Amino acid sequence: MKILIVEDEPELLQSMRLFLNSQGYRCEVAETYETASEKIIDDIFDCIILDISLPGGNGFDLVKLVKKLKKDDGVIIVSAFNELDNKLNGLKLGADDYLAKPFHLAELSARLHAIIRRRNFSGAEVFEHNELRVQVEDKMVFVHNKALLLNKKELDLLLFLIANKKRVISKSAISQHLSQNESGYYRGYDVIYAHMKNLKKKLTDAGCRDYIKTIYGVGYKLDCDEATD
Amino acid sequence: MRLLTKTSRLLLGYAIVVLLVSIPLFYFVIEQLYYQDIDDALRLRKEELTIRTKELKSDRDVALWLAMDNDVKISSSAPPLRDSIYPKLYQDTLAHEMEPYRELATALQVNHKIYHATIRRSLVESQDLIVGIAEVQGILLIILFIGWLLINRNISKKIWKPFDRIIDWLQNYQVDKEQSLIYPNSGIVEFDQLNRVVNDLVSKNKKTYLDQKNFIENASHEMQTPVAILQSKLDLLLQSQGLTAEQAHHLQSSYEVIERLTHLNQSLLLLSRIENQQFPDLVEISVKATVAKVLKHLEALIDDKPVSLNVELHGDKMLHGHPVLIEILLSNLITNAVHHTSANGYIHISNTDHCFLIENSGTPLPFDQSKLFSRFGKQNINRHGVGLGLAIAYEISQLYRLKLNYQFKKHMHQFSINF
């Protein structure tokens, strides 16, 4: 999977590159509008992660460029302008997703994963691990081939863990993920505890082993390796 | 009171006073003029009599003359030294009514003898005439004033048209929407001046608004980028192999601080955006549906605590506002109640067409009630959030002219929004 990261802040660029590299993505980077547009013209990417304010130009123009070239690259807009206008504007121009700074790398990875899944697998991705099977696009969960009924938050939580499987997701990232599109809500960890408790209970009640590991109170990890032995 | 009504009223008042004064004045003046005329006629008659009576040579002649002319009487009482004219009533021989006359009393020499003579003239017809003239004059005056008022009203309405246009334009003006300026040419100097001033003001406002908006956006950008970097570094650190419990603990603390920073930043931006009225797209929002939505989000938290929740939603009050803000308003109040209710406490939410009420059990506020809605005014603010939730709720209620009140009653904290 080939990704282009367009971000003028070198430290943030490096973080994204490192994180996505470790997930098996090949990352190209661009720090200015010029380099970004050159790379967009010359190459094909599965997804472009795009900052809006760039030296030498505006990220929205790069979205227009992608659409003008009739390229199929997915686009995630990353912007500190956390305003509805920017979001709507970006999506109207044809961006696939919008992420406001500051975001968690796990969130970015989950969004990236979703876009690539929609483009490459036509949505038929299935996560399967022992007795647990999740049809990601249909949002169906099966334990021992029996459908398990989860509420929206619990399902979101499980899918988020799956999108970041085998890595530690901070409680902070989970809290942000669960409260997205809920402007102004208090994001407390107590909410996550409650959802996590319910999710784990439903899974174990259905006969699923506990694959969700707690990491020293800082986060969680969907651990597919250790439980397989 | 409308300006036109005010000027019309003044004019009408003046017209009534003038009318009331002018009609009797008119009557009086005409009457005086008429009396003068009559008096002149009486004097003329006297001159005539003085000449004519010389021809009467005998008492018989005198008696005949007196019988012929009913309006002249002579008596042998002492003749007046000077002529005098005065009004007098006489019994009418035919109608048996008292009728008004003008009478001239004079000394008249008839047949070598000086008599006291009176010459009179009836005023009956002349009075009808005076009344008639006065009436016609009155009616004319009334017509004149009414016509004047109507014309004045009509002209005023036309003159005020450019003004009404400005008002209309201002009413529809929104600083955040692109709008053409008002066309400054109305043909009336004062209104053109007003248009120009309004255009200037609007342009200045627009500039200030844009500057402020830019500042907010820049501040947001400048603060959120470093926070984003910091957070991404923590995310990387979290993935490192062999993370110890102590390191994890430090990481967690750092995450929490960053979240507080983010939340604080976003809350401050939200507050300034509310103050700048940057939530312009107003729609009708159901309170009932919004409360239900918020409760659904907080379900897990409420169940987990646990608190007992009692919800009574009646009617379907619609609020006019931005959906995000109305949701934040209600969710901040509800979240506040959930956080400040101790385990096994009690929350009661009710909604009618006039009032949204949320109560939660608890102990009295540990700080002054006036600080409740202020920013950062409270102690131990960092246990839940950054202490801006109620300030934001208050700001939103102000924006939409809703009355947000607090009281502590019977061990219950009570927040109410009156619609």
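Letters A, B, ... are given to chains in the order of the sequence lines, protein chains preceding strands, and every chain is numbered from 1. Everything numeric in this text was worked out from a predicted model, so none of it was measured. All heavy atoms count here, side chains included; hydrogens, waters and symmetry mates do not.
Applying the 6.0 Å contact sphere to OH of B:Y394 captures no more than 12 heavy atoms from other residues, nucleotides or ligands. Enclosure of atom CD in B:E284 by more than 12 non-hydrogen atoms of other residues, nucleotides or ligands within 6.0 angstrom is indicated. Dense packing is recorded around NE2 of B:H320, with more than 12 heavy atoms of other residues, nucleotides or ligands lying under 6.0 Å away. Surrounding NZ of A:K2 are more than 12 heavy atoms belonging to other residues, nucleotides or ligands, all under 6.0 Å away.
Using a 4.5 Å cut-off between heavy atoms, B:S253 does not touch chain A at all. Only the backbone of A:F103 comes within less than 4.5 Å of a heavy atom of chain B; no side-chain atom from C-beta onward does. Interface residue A:E11: backbone and side-chain heavy atoms are both found under 4.5 Å from chain B. Proximity to chain B is absent for every atom of A:L13, based on heavy atoms less than 4.5 angstrom apart. Residue A:K152 does not touch chain B at all, counting heavy-atom pairs closer than 4.5 Å. Contacts between B:E256 and chain A at a heavy-atom distance below 4.5 Å involve backbone atoms as well as side-chain atoms.
No hydrogens or angles considered: nothing links the side chains of A:K221 and B:Q239 as a donor-acceptor pair under 3.5 Å. B:E259 and A:S172 share a donor-acceptor pair across their side chains, judged by distance under 3.5 Å alone.
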*Step by step, work out the side-chain contact (heavy atoms from CB on, under 4.5 Å) result for B:Q247 and A:Y216.*
CA-CA 9 Å; B:Q247 288 164 348; A:Y216 299 128; over 6 Å; no

*Report the C-alpha separation of B:T225 and A:K101 in whole Å, then their side-chain angles, then the decisive distance to 0.1 Å, and conclude whether the side-chain contact (heavy atoms from CB on, under 4.5 Å) test is met.*
CA-CA 7 Å; B:T225 303; A:K101 286 180 188 174; 4.1 Å; yes

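Partners of B:S342 by side-chain hydrogen bond (donor to acceptor under 3.5 Å, both in side chains), not counting sequence neighbours: none found.
Rounding to the nearest 0.5 Å gives a distance of 10.5 Å between OH of B:Y255 and CD of A:Q176. Taking OG from A:S170 and CG from B:L251, the interatomic distance works out to 9.0 Å, rounded to the nearest 0.5 Å.
Taking each heavy atom of B:K233 and A:S15 in turn, the nearest pair found is NZ-OG, 3.0 Å. Residue B:A228 comes nearest to A:P102 through the heavy atom pair CA-CB, 3.5 Å, listed as atom of the first residue, atom of the second, then distance. Nearest heavy atom pair, residue B:D235 against residue A:A106, reads OD2-N, 4.4 Å.
Between chain A and the residues B:I334, B:L325, B:T244, B:I302, the largest count of heavy-atom pairs under 4.5 Å involves B:T244. Across A:N198, A:L105, A:L108, the residue that shares the most heavy-atom pairs under 4.5 angstrom with chain B is A:L105. Counting heavy-atom pairs closer than 4.5 Å to chain B, the top residue among A:L12, A:V168, A:L18 is A:V168.
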